[in-house]
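Quick note: residue numbers are just sequence positions, from 1.
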Amino acid sequence: MKKKVLVISTSLRQQSNSDALAEEFMRGAKEAGHEVEKITLRGKDIRFCRGCLACQNTGKCVIKDDMLPIIQDMHDADVIAFATPIYYYEMCGQMKTLLDRANPLYGSDYRFRDIYLFTAAAEDEEEVPQRAVGGLEGWIACFPKARLSGSVFAGGVTGMGEIVGHKALAQAYEMGKNV
């Protein structure tokens, strides 16, 4: 069954290592016959959630910025994949802001079921992405029809493009093929 796959790359850096993971996931998903769209947060104006909760009554955020079409794309996707660098053992701030601003999805008839996470960090210990995974799982817990379907971590990569040849790229590709 053909699925609508949305990939959200949250790194603001050109040629980021987490974005390379997203690209490999996309390549696998496309080869498997899925419709794939990518959104990068680089260059986007996404402001902080005000906590006004108006979206709970209207289904729309009152803040008029680049987040409005992203929320709609998230709503309409069958699969959402997030890619983030790990900063201080956590997802990047842009990703956390995006998750907070996705509040209009709560209570909506969203389509997404499968959520994936791709992370990259300078540190290479297995536990490095745990807080980012936990943070995303906290968001997913608010969407009972959704689940974390997989995650890939590339450790030991710092500079732009250092991920070339890393085993995590093949893992991301295979995960995309098996969406």
Q: Drop me the distance from H75's NE2 to L6's CG, to the nearest 0.5 angstrom.
A: 13.0 Å
Q: Give the minimum heavy-atom separation between V133 and S151, together with the two atoms involved.
A: CG2-OG, 4.3 Å
Q: Answer yes when R27 and E24 have at least one side-chain N-carboxylate O distance shorter than 4.0 Å, and no when they do not.
A: yes
Q: Hey, is the main chain of A168 close enough, under 3.5 Å, to the side chain of H166 for a donor-acceptor pair?
A: yes
Q: Can you tell whether the side chains of K44 and D65 come within less than 4.0 Å, N to carboxylate O?
A: no
Q: So, R113 and D78, do they make that salt bridge, N to O below 4.0 Å?
A: no
Q: Assert yes or no for the condition that the ring centre distance of F82 to F118 is strictly below 6.0 Å.
A: no
Q: Would you say L98 ends up clustered with I71 if hydrophobic residues are merged whenever their side chains have heavy atoms under 4.5 Å apart, either directly or through other cluster members?
A: yes
Q: Starting at CZ of R131, measure out to OH of Y89 and round the result to the nearest 0.5 Å.
A: 8.0 Å
Q: Parallel, tilted or perpendicular, judged at 30° and 60°: which one describes the rings of W139 and F143?
A: tilted
Q: How many angstroms lie between atom CD of Q171 and atom NZ of K167, to the nearest 0.5 angstrom?
A: 6.0 Å
Q: Out of curiosity, I39 CD1 to M74 CE, how far, rounded to the nearest 0.5 Å?
A: 8.5 Å
Q: Linking I/L/V/M/F/W/Y whenever their side-chain heavy atoms sit closer than 4.5 Å, directly or via other members, would V7 and L105 fall into one cluster?
A: no
Q: So, taking the atom named OG1 in T119 and the one named CD in Q130, what distance separates them when rounded to the nearest 0.5 Å?
A: 11.0 Å
Q: Please test I86 against M91 for side-chain contact (heavy atoms from CB on, under 4.5 Å), starting from the C-alpha separation and ending with a verdict.
A: CA-CA 5 Å; I86 298 292; M91 71 180 75; 5.7 Å; no
Q: Going from CG on N103 to SG on C52, what distance comes out if it is rounded to the nearest 0.5 angstrom?
A: 9.0 Å
Q: Treating D114 as the side-chain partner and V79 as the backbone partner, does any N or O pair qualify as donor plus acceptor under 3.5 Å?
A: no
Q: Heavy-atom count check: over 12 atoms from other residues, nucleotides or ligands less than 6.0 Å from E127 CD?
A: yes
Q: Would you please say whether a donor-acceptor pair under 3.5 Å links the side chains of E31 and Y173?
A: yes
Q: Give a yes or no on this: more than 12 heavy atoms of other residues, nucleotides or ligands lie within 6.0 Å of atom NZ of K96.
A: no
Q: Would you please say whether a donor-acceptor pair under 3.5 Å links the side chains of D19 and S9?
A: yes
Q: Do K145 and F112 meet the cation-pi criteria used here (NZ or CZ under 6.0 Å from the six-membered ring centre, within 45° of the axis)?
A: no
